[in-house]
2 protein chains.
Amino acid sequence: MKKYIPILKKTKLFAGVADEEIGAMLSCLDARVRTYKKGEYVHRQGEHLNSITVLVDGELHIQRDDYWGNRTIVNRIAIGELFGEAYAAPESGALLNDVVAVEDSTVIFFDVRRIITVCSSACRFHSMVVQNLFFAISEKNRTLVQKIGHISKRTTREKLISYLSEEAKRQNSASLIIPFNRQQLADFLSVDRSAMSNELCKMRDEGLIEFEKNQFRLL
Amino acid sequence: MKKYIPILKKTKLFAGVADEEIGAMLSCLDARVRTYKKGEYVHRQGEHLNSITVLVDGELHIQRDDYWGNRTIVNRIAIGELFGEAYAAPESGALLNDVVAVEDSTVIFFDVRRIITVCSSACRFHSMVVQNLFFAISEKNRTLVQKIGHISKRTTREKLISYLSEEAKRQNSASLIIPFNRQQLADFLSVDRSAMSNELCKMRDEGLIEFEKNQFRLL
DNA sequence: TCTTTTCTGTTGCAAAAACAACCGATTTGT
DNA sequence: ACAAATCGGTTGTTTTTGCAACAGAAAAGA
C-alpha cells in the first residue's frame, strides 16, 4: 500500500498533503486497493456506494447501456481523478450508471464516512482532503455542464465542433488529442458512429478540420 | 434582512441551523438581498462569481442562448435551492451559462470565501453550512447526470419518456406536474417545440400518456 | 507470421427531427 | 373589457439522423 503514496500525492484528493500524512491517512480512511482488467465493472448501476474511488492507474468510463445495446458514455475518469464524490451524502440513492475499466486499471477505495467525518486525532491534513473533495466535485459539476453544452446542440456537426473546440481550449492548442476512439466519441456525444464518421469526413473535405486517428487539428 | 430567516431556514444551505445562528451568520457571510423582475439576468455567461446565490422566492433558469437563438435550459433552480456552488473553488473560471429569473424572484448572495473559510470565532454552525453546501453540490451533480441521461436518448419520444418517468418517480406518482411549459420543456430536452408537441400528442393518441397543460399522467 | 478481431470510413435507405408557417385558445397588460 | 402577446397544437417540406451492411486498414492475439 505504501508504494502508492507517490501516486496518491498527485491525485486531486490528496493534492497538497505531505507524504507521511498520506501514509497515516491510508489506514485512517480504510483504504483498499484493487485492480481490474480491461472491460471489468468497478461498480454497477443500482448499487449503493459507501466508498470514494481514486483511480491510480488505467482509465474508467462512467456509462450506461440501454436495453437495445445503445451505450451512453457520461464521463471519463483519468489517472488521479476520482469517482463517487456525488454519492458521499447519506441519502444519495443508487448509482445511476456503470463504472467500467476501459484499460487495465488500479483503484483505491476510501471509506466515504471517514472522509466526511473529520477525525478528532491524528489526521492534521484531513480538512485539506475534505476541501480537495469539495473542489473535485465542484470541477466535475462544471465538466458535466460542459458536456450538456455539447450534447444539447442540435446537429452532429455542432456537437463535434462544440466538443473539439472546448478540448482545444483545454489543451491550449488548435491541435489536440482526444481520449476516445470513434465509437466512444459517438457514445459520448450521443450520436450514431457511422453518421458521425461521415460528418467528420465532410468537415475535413470542407477544410474545417484535419485528423488522423484521435489527433485533430482545428483550422 | 432578519425577515428572511424563516425562509433561509428551509433552504438547503441552512438546513439544521438554528434561527439565531442564521441571524449571526447573515453578517458573518456578508449576505446581500436583491430582487429581480421576470426575465432579468441574475448572472451572465462569462462572469466570474464570488458569491453563492440562494433563491428565497421565484424561480431561476440556468440557460444559454446560442447565436441563432436556440436556447438550452441546463437546469432549474427552485425556492430554497442554490446556485454557484460549482464556482466556489478559486480557479473555477468563468460562468458557463446565464442565470435568469423566469418569475419575479428574490435571491440572497453570500460571499463564497467566507463560507469556505471556516471562521475562528462566533459561527458554531458554520461547519454545518459547509457540509450542507457539499451535499447540495453533490445532489446537483446527480441531477445533472440524470439530465444527461434524458437528453442522450436518441429520439424525442425516448427523451420525453425518460424525463417524465423520472419526474413521476421523484413525485412518487404516475400523475405529475412539470415545472415547464412546452417551449421550456423543449429547451430543457434540447428538441424542437413543435416536433415535441407533435410527439406528445401521438403518445396521447396511442394511450401512453394523458396530459392537460403541465399536468401529466403516465399510463 | 498468420489469423482473427477491431476500427474506421462509405453508401443507400428509411425514419425522425428541424424548420417554418399558421391558427385558435388562453393569458397578460392596460 | 379589450387589445396584444403568449402558448399549444397542426401540417407540410427539407434536412439530418439512425440503421444496416460492407470493405479495407490496423491492431491484437495465437
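Lettering of chains follows the sequences in order, A, B, ..., and the numbering in each one begins at 1. Keep in mind that this is a model prediction, so the values were computed, not measured.
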In whole angstroms, how far is the P atom of D/dT16 from the CD1 atom of A/I161? 12 Å

To the nearest Å, give me how far apart CD (A/E158) and C1' (C/dA18) are. 11 Å

Look at all strands and tell whether B/R154 reaches a base, only sugar-phosphate, or nothing, counting heavy atoms closer than 4.0 Å. sugar-phosphate

B/Q183 CD to C/dT27 P, in whole Å, measures 18 Å

Is any side-chain N of the basic residue among A/R170 and A/E167 closer than 4.0 Å to the acidic one's carboxylate O? yes

For B/N181, which contact category applies under a 4.0 Å heavy-atom criterion: base, sugar-phosphate, or nothing? sugar-phosphate

Is the distance from OP1 or OP2 of C/dC7 to the nearest side-chain N or O of A/R182 less than 4.0 Å? no

Is a salt bridge present between B/E210 and B/R204, judged by a nitrogen-to-oxygen distance below 4.0 Å? no

Using a strict 4.0 Å threshold on nitrogen-to-oxygen distance, state whether A/D19 and A/K9 make a salt bridge. yes

Between P on C/dT11 and CG on A/D192, what's the gap in Å once rounded to a whole number? 16 Å

Any ion pair linking B/R76 and B/E81 (charged N to carboxylate O, less than 4.0 Å)? no

d(NZ, B/K37; P, C/dT28) in whole Å: 15 Å

Nearest-angstrom distance from the residue atom NZ of B/K153 to P of C/dA16: 17 Å

Does A/D65 come within less than 4.0 Å of A/R71, counting only side-chain N to carboxylate O? yes

side-chain N/O B/R157 vs C/dA16 OP1/OP2, d < 4.0 Å: no

Is it true that B/H48 and B/S92 share a donor-acceptor pair across their side chains at a distance under 3.5 Å? no

Heavy atoms from C-beta onward define the side chain here; which of C/dG9, C/dA17, D/dT17 lies closest to that of B/T156? C/dA17

May I ask you to say whether B/E206 pairs ionically with B/R157, meaning some side-chain N is under 4.0 Å from a carboxylate O? yes

In residues 194-219 of chain A, what residues come within less than 4.0 Å of DNA chain C, judged by heavy atoms? A/S194, A/S197, A/N198, A/C201, A/F211

Whole angstrom is fine here: how far is it from CG in A/L189 over to P in D/dT16? 18 Å

Tell me whether the OP1 or OP2 atom of D/dT16 has a side-chain N or O from A/T155 closer than 4.0 Å. no

To the nearest Å, give me how far apart CH2 (B/W68) and P (C/dC19) are. 11 Å

